[in-house]
Student: 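Below is the structure I would like to discuss, written out as structure tokens.
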Amino acid sequence: MNTIRKERGTPRTPVKQRPGVNYYPDALDQGEQKALMAEIRDVLRLAPLFAPTMPRSGKPLSVRMSNCGQLGWVSDKDGGYRYQRHHPETGTDWPPMPRRLVGLWHELTGYETAPQACLINYYSEGSRMGLHRDDDEQDLDAPIMSISLGDNAWFRLGGLARKQPTSRLMLHSGDIICMQGPARLIYHGIDRILPGTSNLLEEGGRFNLTLRRVTRPGTSAPAAPADTADDK
Ligand code: MD6
Ligand code: FE
């Protein structure tokens, strides 16, 4: 079983929500959250938050986002959902993923290959994330690891079909949740955040970081657009 060892030496074991969903409450202590947040702020200075829009309708999503790592997830009216190497507004490559994040990925998921993308979502008061599946990746054997920083949020977990019943879970700053295997393609979303429940962020709100593999390890990724060709 994967464990995460905190500074004070407490081994961390996941709370199984259901097959394939490993929840690590309080995985990062305050110091670790602050250090990680400082690294994310460095990323955001190079790759500022942007306002993604929905494919076709062009309606704005309610979160603002950025990325770090080799690839970043973006969405807009004409191009739709996709991974690309560069920021849609500045045109420059995404900043590298902080090593701390890569270390957490290996420690918690046990997945042998490194994550390629870290999507950074920022929720201000009133932001939400509709029920969705993360299925724009080719490597569905790889887990997705999600880190919460800032205000509490109600996380909704459903099944493999949109109509299946859902349950909800309160995510707190420092919590990590991994979805893999039988849960890799389950529906999930954020109902709402609870403003004022954390003092980690001066501006309030919540950051969520999701680490992903995008292309299959060791393949030339024939199905990918040239922009997402693997260099592994
Ligand atoms: C959020 N999380 O916590 C949204 N996706 O703000 C996700 O959409 C998510 O928590 C894939 C795997 C884990 C997640
Ligand atoms: Fe998701």
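We count ligands from 1, going down the list as the structure has it; atoms in each ligand are counted the same way. Note: hydrogens, waters and symmetry copies are ignored here, and every other heavy atom, side chains too, is used.
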Student: Return the residue, atom name and 0.1 Å-rounded distance of the protein heavy atom closest to atom 12 (C) of ligand 1.
Tutor: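 It is I144 CG2, 3.3 Å.
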Student: Indicate yes or no: does D134 engage R212 in a salt bridge with an N to O separation below 4.0 Å.
Tutor: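 Judged by the 4.0 Å cut-off on N to carboxylate O distance, D134 and R212 do form a salt bridge.
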Student: Would you call R192 and D151 a salt bridge, using N to O less than 4.0 angstrom?
Tutor: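 Salt bridge between R192 and D151, a charged N being under 4.0 Å from a carboxylate O: no.
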Student: Quick one: look up the protein heavy atom nearest atom 3 (O) of ligand 1 and list residue, atom name and how far away it is.
Tutor: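 Checking every protein heavy atom, the shortest distance to atom 3 (O) of ligand 1 gives R206 NH2, 2.9 Å.
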Student: Where is the nearest protein heavy atom to atom 13 (C) of ligand 1: which residue, which atom, and how far?
Tutor: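 Closest protein heavy atom to atom 13 (C) of ligand 1: S146 CB, 3.5 Å.
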Student: Please report the shortest heavy-atom distance between M145 and T109, naming the atom on each side.
Tutor: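 Smallest heavy-atom distance, with atoms named: SD-CG2, 4.2 Å.
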Student: Would one find an N or O of N208, backbone or side chain, under 3.5 Å from an N or O of ligand 1?
Tutor: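 N/O-N/O distance under 3.5 Å: yes.
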Student: What do you reckon, does I190 put a non-hydrogen atom under 4.0 Å from ligand 1?
Tutor: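 It does, in that a heavy atom of I190 comes within the 4.0 Å cut-off of ligand 1.
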Student: Do any nitrogen or oxygen atoms of D134 lie less than 3.5 angstrom from nitrogen or oxygen atoms of ligand 1?
Tutor: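 Such a contact does occur with ligand 1.
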Student: Would R64 pass as a cation-pi partner of Y122, given that its NZ or CZ must be under 6.0 Å from the six-membered ring centre and within 45 degrees of the axis?
Tutor: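 No, a cation-pi geometry is absent between R64 and Y122.
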Student: Run the salt-bridge test on D93 and R85 with the 4.0 Å N-O cut-off and return the result as yes or no.
Tutor: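 The answer is no: the pair does not qualify as a salt bridge.
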Student: Decide yes or no for M54 and K77: does some side-chain heavy atom of the first lie under 4.5 Å from some side-chain heavy atom of the second?
Tutor: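 Side chain of M54 against side chain of K77, heavy atoms only: no contact under 4.5 Å found.
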Student: Give a rough value, rounded to 10 degrees, for the angle at the Fe ion (ligand 2) between atoms OD1 of D134 and NE2 of H132.
Tutor: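 So the angle at the metal works out to 90°.
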Student: Using a strict threshold of under 4.0 Å (side-chain N to carboxylate O), is an ion pair present between R213 and E137?
Tutor: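 Answer for the salt bridge query: no.
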Student: When you measure from atom 8 (O) of ligand 1 to each heavy atom in R156, H132, R212, which option holds the nearest one?
Tutor: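 Ranked by closest heavy atom to atom 8 (O) of ligand 1, first place is H132.
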Student: Identify, by atom number and element, the atoms of ligand 1 in contact range of Y123, meaning under 4.0 Å from any of its heavy atoms.
Tutor: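 In order of numbering, the contacting atoms are 1 (C), 4 (C), 6 (O).
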Student: Considering the heavy atoms of M179, write down every atom of ligand 1 situated less than 4.0 Å from one of them.
Tutor: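 Ligand 1 atoms under the 4.0 Å threshold to M179: 11 (C), 12 (C), 13 (C).
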Student: Using a strict cut-off of 4.0 Å, indicate which atoms of ligand 1 neighbour a heavy atom of H188.
Tutor: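 Selected atoms, number and element: 5 (N), 7 (C), 8 (O), 9 (C), 11 (C).
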Student: Quick check on M145 - does any of its heavy atoms sit under 4.0 Å from an atom of ligand 1?
Tutor: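 No, that is not the case, since the closest heavy atom of the residue is not under 4.0 Å from the ligand.
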Student: Return the CD1 to CG distance between I177 and N22, rounded to the nearest 0.5 Å.
Tutor: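 Spacing of CD1 (I177) from CG (N22) equals 8.5 Å.
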